[in-house]
Amino acid sequence: MEWLIWVGGALLLIVIETVTADLTFLMIAGGALGGGLTSFLGGPVWAQVVVFACVSTLLLFAVRPWAKRRLAAATPQMKTNVDALIGRSATTITAVDDGGGRVRLGGEEWSARLAPATQGGVTRLEAGASVTVTQIDGAVAVVSPAATSATAPSS
């Protein structure tokens, strides 16, 4: 019944791995399964520990680097935090010029200013205009007119 302890330990390590997502605990869990298999086949405790140590070491140094490279190559680089806001559309709440203003971006209200090199020489955008975020500077969204509002005919 010692093998149940090894399997229980492996399951616990797999649960810990789900929190860390670094593949380290998963490799050690593989070693615990190796120790459990040795126990199931009737091996003495010292042999179980040796198999656990050898399998864990082999997995950590031979399999983990390869698996991490594969995982990194298969996972798209997601933009997060500020990087995820660049290129998004927003709507001006107040007039926005190079001195400041306010926009609604992703359901939140942000301080904003007009980008220095705007399309068509626009120097001020009135409230309600559609804009695109070109940069985030601290807590200020730097915006430029959206393509549709920049090409709209003025009356």
Side-chain angles (χ1 to χ4, degrees), residues 1-94 96 98 100-119 125 128-150:
M1 294 307 270
E2 289 174 342
W3 65 273
L4 284 175
I5 295 171
W6 285 105
V7 171
L11 291 174
L12 179 64
L13 289 166
I14 290 170
V15 169
I16 293 170
E17 178 62 39
T18 61
V19 177
T20 63
D22 192 43
L23 301 180
T24 302
F25 289 101
L26 187 62
M27 301 300 131
I28 298 171
L33 290 176
L37 181 62
T38 305
S39 173
F40 184 75
L41 296 174
V45 173
W46 66 267
Q48 297 169 32
V49 173
V50 168
V51 168
F52 165 74
C54 290
V55 170
S56 294
T57 302
L58 179 68
L59 290 173
L60 279 170
F61 293 108
V63 175
R64 182 174 170 268
W66 171 82
K68 284 192 71 151
R69 281 192 304 272
R70 290 285 309 250
L71 187 62
T75 306
Q77 297 298 322
M78 287 185 59
K79 292 183 178 179
T80 58
N81 302 330
V82 172
D83 293 332
L85 298 175
I86 296 172
R88 290 190 58 190
S89 297
T91 305
T92 58
I93 298 172
T94 65
V96 176
D98 60 353
R102 307 291 286 176
V103 296
R104 181 155 314 278
L105 172 60
E108 298 177 343
E109 190 173 320
W110 278 71
S111 296
R113 75 170 182 268
L114 200 56
T118 59
Q119 300 169 347
L125 295 169
S130 293
V131 294
T132 303
V133 178
T134 59
Q135 175 184 347
I136 300 292
D137 184 17
V140 178
V142 180
V143 298
S144 63
T148 55
S149 66

Candidate list Leu114, Thr91, Val96, Thr92, test side-chain contact (heavy atoms from CB on, under 4.5 Å), partner Val131, passing option =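 It is Thr92; the other options fail the test.
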
Let me know which of Val143, Ile136, Val140 forms a side-chain contact (heavy atoms from CB on, under 4.5 Å) with Trp110.
->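 It is Ile136, the one option of Val143, Ile136, Val140 that forms the side-chain contact (heavy atoms from CB on, under 4.5 Å) with Trp110.
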
From [X] atom [atom1] to [Y] atom [atom2], the distance as rounded to the nearest 0.5 Å:
X      : Y     : atom1 : atom2 : result
Thr134 : Ile86 : OG1   : CD1   : 8.0 Å
Trp6   : Leu11 : CH2   : CG    : 14.0 Å
Arg70  : Leu23 : CZ    : CG    : 12.5 Å
Ile28  : Leu33 : CD1   : CG    : 12.5 Å

Side-chain H-bond candidate by donor/acceptor type, Arg102 with Ser111, under 3.5 Å = yes

Heavy-atom pair of closest approach, residues [X] and [Y]:
X      : Y      : value
Ile93  : Glu109 : CD1-CG, 3.5 Å
Leu105 : Ser89  : CD1-O, 3.7 Å
Val103 : Ala112 : CG1-CB, 3.6 Å
Ser56  : Gly31  : OG-CA, 3.3 Å

Determine, step by step, whether Val142 and Val133 satisfy the side chain to side chain contact (heavy atoms under 4.5 Å, CB included) criterion, reporting the C-alpha distance in whole Å, the side-chain angles of both residues, the deciding distance to 0.1 Å, and the verdict.
-> CA-CA 6 Å; Val142 180; Val133 178; over 6 Å; no

Side chain [X], main chain [Y], donor-acceptor under 3.5 Å:
X     : Y     : answer
Thr38 : Gln48 : no
Glu17 : Asp22 : yes
Ser39 : Gly35 : no
Thr18 : Val15 : yes

Do the side chains of Leu60 and Thr24 get nearer than 4.5 Å, heavy atoms only?
->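 Of all side-chain heavy-atom pairs linking Leu60 with Thr24, at least one is under 4.5 Å.
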
May I ask you to decide if the ring planes of Trp3 and Phe40 are parallel, tilted or perpendicular, using 30° and 60° as cut-offs?
-> perpendicular

